[in-house]
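Below you'll find the structure, written out as structure tokens, and then a few comments.
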Amino acid sequence: MMALILASGIDPQKSVIFHQDEVIAFASRCLSRFLISCQIGPEPCRASLDFELSDTDWEAETDDDVEGTWLLHPSRTVTETCMRLQTRLAASRNANDESEVDDSLLNAGLFTYPILQAADILAYRRVTTRFSS
Amino acid sequence: MSKSAVDPNSRILLTDPYETIVKRIRGAVTDSISGITFDPVERPGTSNLLAILSACTGEAPAVLVERYAGSDHGVLKKDVVEAVEEALRKPRAEFARLREDRAFLAQVARDGAEKAQKISDRTMREVRRRIGLS
């Protein structure tokens, strides 16, 4: 990977290139992310989860169904939200339909992953970042 | 991210040899409309080829369209193959050279990690201070 980055023309004199796992010790990184996650209120949570779930990697619903890409929507009941989560989970596991997955596959990581992504970027004080188009 | 697409035919890797590039471009889906025009909505396949060519040569699709106005997809594909090969030749050779130089790669990674560590330490000190933990 490092050889590929350098071969594509990234200059290590200008850019900081590193293996993420070599930077912060595991325990400290978990604590850092936990501390940051404790500062995240419901609104950013909802926004980041919406972003996460509208990522192209997820099974897309129809383009005009914008609301469909919002898992947590104010007008939706808890039961409806759980059902949609199950659909998302099925898609993320490449399962054919919801019957192949159940709640046992759910974990907090599914919800907190956007915080981890944000923490990994913010820790290095970047003001711009590139992510999948 | 295109690299997470299931179909390997959907991408050309930096390390792909010439033969693979030929295969991928030749197999690229186009349409049966004659002539070459840039129209991402009506002609996504043709426009994709033009976009790739444009990215490799630096010429705008509008300029390319004039040149290929009377050509067919075969001619366009041939030129796309050569343009992609030209663009990848240097990085591919550089990759082959670099991957043998383990010591250099390790040094770059060490230097980078040191710089990144300093920056993130500063951030986390500030986070702890603002939260009231220090």
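Chain identifiers are assigned alphabetically (A, B, ...) following the order of the sequence lines, protein sequences preceding nucleic acid strands; residue numbering begins at 1 within each chain.
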- prompt: Going through the checks in order, is the side-chain contact (heavy atoms from CB on, under 4.5 Å) test met by T15(B) and L4(A)?
  reply: CA-CA 9 Å; T15(B) 48; L4(A) 266 179; 4.0 Å; yes
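- Distance check: L105(B) CG to H19(A) NE2 gives 8.0 Å after rounding to the nearest 0.5 Å.
- Heavy atoms from other residues, nucleotides or ligands lying under 6.0 Å from CZ of R67(B) number more than 12.
- Applying the 6.0 Å contact sphere to CZ of R99(B) captures no more than 12 heavy atoms from other residues, nucleotides or ligands.
- Transitive grouping of hydrophobic side chains (ILVMFWY, heavy atoms separated by less than 4.5 Å) keeps F95(B) and L13(B) in distinct clusters.
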query: Can L6(A) and F104(B) be said to form a side-chain contact (heavy atoms from CB on, under 4.5 Å), step by step?
result: CA-CA 11 Å; L6(A) 296 176; F104(B) 172 71; 3.7 Å; yes
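- When heavy atoms are compared at a cutoff of 4.5 Å, R92(B) does not approach chain A at all.
- Between S120(B) and Y124(A), the shortest heavy-atom contact is CB-CE2, 3.7 Å.
- For the atom pair CD (Q13(A)) and CG (D111(B)), the distance works out to 8.5 Å, reported to the nearest 0.5 Å.
- Here the closest non-hydrogen pair linking A116(B) and V16(A) is N-CG1, 4.0 Å.
- The hydrophobic clustering, which links ILVMFWY residues whose side-chain heavy atoms are closer than 4.5 Å, places L53(B) and V63(B) apart.
- If you chain together hydrophobic residues whose side chains sit under 4.5 Å apart, V29(B) and L49(B) never meet in one group.
- With hydrophobic clusters built from ILVMFWY side chains whose heavy atoms lie under 4.5 angstrom apart, V75(B) shares a cluster with V80(B).
- Enclosure of atom NZ in K23(B) is not indicated, since only 12 or fewer non-hydrogen atoms of other residues, nucleotides or ligands lie within 6.0 angstrom.
- Rounded to the nearest 0.5 Å, atoms CZ (F18(A)) and CD (Q117(B)) are 9.5 Å apart.
- For chain A, the nearby part of E126(B) is the side chain; its heavy atoms alone come within less than 4.5 Å.
- Residues S8(A) and L14(B) share a closest heavy-atom pair of CB-CD2, 4.0 Å.
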